[in-house]
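Take a look at the structure below.
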There are 4 protein chains.
Amino acid sequence: MDKRQELIETATKLFSEKGFENTALSEICEKAGVSKGLISHHFKSKNGLLKEIFKRTTDLIVEMNQTSAKEKSPYVQLKALIESFFIQLEADKLFFQFNLNVIVQPNTREILKDLIMERSAFILQSTEGLFIKIDPKNSKVLSYLFIAELDGIALNYLGIFDDYPLEEIKKQILKKYTKQ
Amino acid sequence: MDKRQELIETATKLFSEKGFENTALSEICEKAGVSKGLISHHFKSKNGLLKEIFKRTTDLIVEMNQTSAKEKSPYVQLKALIESFFIQLEADKLFFQFNLNVIVQPNTREILKDLIMERSAFILQSTEGLFIKIDPKNSKVLSYLFIAELDGIALNYLGIFDDYPLEEIKKQILKKYTKQ
Amino acid sequence: MDKRQELIETATKLFSEKGFENTALSEICEKAGVSKGLISHHFKSKNGLLKEIFKRTTDLIVEMNQTSAKEKSPYVQLKALIESFFIQLEADKLFFQFNLNVIVQPNTREILKDLIMERSAFILQSTEGLFIKIDPKNSKVLSYLFIAELDGIALNYLGIFDDYPLEEIKKQILKKYTKQ
Amino acid sequence: MDKRQELIETATKLFSEKGFENTALSEICEKAGVSKGLISHHFKSKNGLLKEIFKRTTDLIVEMNQTSAKEKSPYVQLKALIESFFIQLEADKLFFQFNLNVIVQPNTREILKDLIMERSAFILQSTEGLFIKIDPKNSKVLSYLFIAELDGIALNYLGIFDDYPLEEIKKQILKKYTKQ
DNA sequence: GATGAATGAGTATTCATTCAT
DNA sequence: AATGAATGAATACTCATTCAT
């Protein structure tokens, strides 16, 4: 495989599992079967590698949002969105782990400042596109709350509670947002 | 002041601002005006210092919860809880910063595992004490969702959105939970 | 322009400004708009590039000495030599910088050993050609002293004194060697 | 012996022999029988170590100048100065090697800028103290030339000519400056 | 002639920890 | 309780060089 690609995938996995600060470049290279100099060649530095990875996760998020049904009613769309969120949360813990990590850590947040702003603007706008059809007057604040709720669930599920009743919470959220 | 106390306060500040991994003990000692040997003398290790600090923030949380009006109706209590949360969030960002940091970072989470579990059990139980009076059947899931919502707001306010409309969100949350 | 030539000129400039050890081949290539492989293709190695450049500066020195008036009296020739030295010293600091650098640094001196010996033999012989007409018995020692004086002036002007009175020193040297 | 002192002496020797850029801290520590962290502990960095060493060589120079006979005639003092210079030049090549090295190399010159200026001001002033008694009107330019001559001799002896006739040159210099 | 991906040894520096005083 | 010299492993990064294309 492409060594550059191999490097990105290995680093993504390790950054997610161990955190950015606690992952040594040497470990990445070793696991990727690649020399140490190659990181500097392709990404300039550890920070450069992080930026590249963060960009790619943003691309994934954008992609996920764009493939959701555009024609349907906002409630149907919300339902799809929530369901895919919970599926993703269970299936790919590391994806959420990574994103929480780098956003919360002061050092990585500084490195990714611009990229975080771009991404969050996209997510807000995308969410508002739904709530504007439901409650135009309160669409902004409802969007913020919706995002906060999902982010908080991910945070609690991954970091705080040991036996998190994800299934029940999903049901409750669906009930709340889709009036079922 | 007590050198031990000075050490704890300086370390809390630096861990919050820069993150645990990016704070060197030497910097803490320098800023606290204390020799390097003193940390191992009092706290055994850097991890020991972290545990001590985390315990203290848990004590603060417990204290905050205990001083809230016990006699009043659950809605009044919820209102008081929410309001004190938002006041605290604006007044002491670093307090939330620190807690998010250490909980999300794999390395620090491992170090604090037991303490995190203790704390989260307390918070859940304490919150459930309120919701059990409102909706006994769903009290558990409502508690989880309430906690998730507040945690998510803190996360988004501190780490993700640049111009977070905290005031409007507070109003919306109050409306939602206190039926005003 | 010829890429080989471009490479030599860029490297000369950078070696002079930053010193041989502190100039990375990658920087030379970047500034010259050339790929990294080209250096080893043309010059075999970084040392090879240095040798090539040193040879060229020797050629320049030889050229300068040969264009000076051969027919005139030794005093007239000395005057011309001194004047062209001071003009050159002011106009092309980097030229002297480079030569001092590589001669004084143990590592580069070792690399250029043979070339330095060749060049210094030429300079001594060329200078002695003048002093032999002035004081045949002491021509050798006078030549060494003359060379030392000019080299010392260059050294002090470039490396040691901040506000070196070059003009006055030039006058004094001229007075001393041309009996004006 | 004091480990700090051991470190300084080993580093001085290696910087002189191999040049600053070509001496690895690991080599210094190994030869000094000391751990790598100790340099950072005592001198903060490699640059810090260099500054410390340069300061000490300046102290040596100052000391040498102050112990020379103050009461005697300027010619006697000049003679003593010249003789001690040549003795020192033969006996302690490395001392001159080191000083030429760091002054001529752009990188080290930048690091030592302030210290070089201080030292050269002292040397100029000290030399002028002699020439002012010999030729008050031209004392400054004569001092500069005297310094240039000695520096040039050291430069040529150490770096350029292979079989430098140091003895003859010393005689010639003595003749010139002491009217013997 | 020319490119640039890839290497791997080497470098300065950081830092938690230990320990004699 | 308190100091600070000393350690040594770990880390990110640099860089000349090689080589297939």
Side-chain angles (χ1 to χ4, degrees), chain A residues 2-4 6-7 20-30 32-50, chain B residues 2-4 6-7 20-30 32-50, chain C residues 2-4 6-7 20-30 32-50, chain D residues 2-4 6-7 20-30 32-50:
Chain A
D2 190 356
K3 296 209 171 188
R4 193 187 136 99
E6 184 74 59
L7 220 30
F20 177 73
E21 323 281 354
N22 291 296
T23 305
L25 291 186
S26 57
E27 190 183 354
I28 299 173
C29 293
E30 201 185 329
V34 143
S35 76
K36 272 168 75 180
L38 203 58
I39 285 182
S40 139
H41 184 266
H42 281 305
F43 310 103
K44 189 83 181 168
S45 68
K46 196 183 182 186
N47 288 3
L49 177 57
L50 177 65
Chain B
D2 190 359
K3 293 207 171 188
R4 191 188 139 98
E6 185 75 59
L7 220 31
F20 177 74
E21 323 281 352
N22 290 297
T23 303
L25 290 187
S26 58
E27 191 185 351
I28 298 173
C29 293
E30 201 187 329
V34 145
S35 81
K36 268 166 85 180
L38 205 58
I39 282 183
S40 74
H41 188 272
H42 280 306
F43 309 103
K44 183 86 181 167
S45 70
K46 195 184 183 186
N47 289 3
L49 177 57
L50 178 64
Chain C
D2 189 0
K3 294 209 170 188
R4 190 186 139 99
E6 185 74 59
L7 220 31
F20 177 74
E21 323 282 353
N22 290 297
T23 304
L25 290 187
S26 58
E27 190 185 353
I28 298 173
C29 293
E30 200 187 329
V34 146
S35 80
K36 267 165 86 180
L38 205 57
I39 282 183
S40 75
H41 188 274
H42 279 306
F43 308 102
K44 184 83 182 168
S45 70
K46 195 184 184 187
N47 288 3
L49 177 56
L50 177 64
Chain D
D2 190 357
K3 295 210 171 188
R4 192 189 138 97
E6 185 75 58
L7 219 31
F20 177 74
E21 324 281 353
N22 290 295
T23 303
L25 291 186
S26 57
E27 190 184 354
I28 298 172
C29 293
E30 200 185 329
V34 145
S35 76
K36 270 169 79 180
L38 203 57
I39 284 181
S40 139
H41 185 267
H42 281 304
F43 310 102
K44 188 85 181 166
S45 69
K46 196 183 182 187
N47 288 4
L49 177 56
L50 177 64

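Worth knowing before you read on, the calculation uses all heavy atoms, side chains too, and leaves out hydrogens, waters and symmetry mates. Within every chain, numbering begins at 1; the chains are lettered A, B, ... in the order of the sequence lines, protein sequences first and strands thereafter. All of these numbers come straight from a predicted model, not from anything done at the bench.
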Rounded interatomic separation in angstrom, taking CG from D:Asn47 and P from E:dT14: 11 Å

Minimum-distance nucleotide to A:His42 side chain [options: E:dA6, E:dT11, E:dC19]: E:dA6

E:dA6 OP1/OP2 closer than 4.0 Å to side-chain N/O of A:His41: no

Whichever of B:Gly33 and C:Leu25 has its nearest DNA chain F nucleotide further upstream toward 5': B:Gly33

Integer-rounded Å distance: F:dA12 C1' and A:Phe20 CZ: 10 Å

Whole-Å gap separating P (E:dA16) and CG (B:Asn22): 11 Å

Whole angstrom value for the distance that separates P of E:dA16 from CG of B:Leu38: 15 Å

Under 4.0 angstrom between A:Lys3 side-chain N/O and E:dT7 OP1 or OP2: yes

Spacing between D:Glu21 atom CD and F:dA16 atom P, to the nearest angstrom: 13 Å

Touch class at under 4.0 angstrom, heavy-atom based, for D:Lys36 against every strand present: base

Nearest heavy atoms of B:Lys46 and B:Thr23, plus distance in Å: NZ-O, 2.8 Å

Atom of B:Phe20, atom of B:Leu50 and distance for their closest heavy-atom approach: CE1-CB, 3.7 Å

Between F:dA2 (C1') and B:Leu7 (CG): distance, integer Å: 11 Å

Atom-to-atom span, NZ of A:Lys46 to P of F:dT11 - whole angstrom: 8 Å

Rounded distance in Å - CD1 (B:Ile39) to C1' (F:dA1): 15 Å

Given E:dT3, F:dG4, E:dT17, the nucleotide with the shortest approach to the side chain of C:Val34: E:dT3

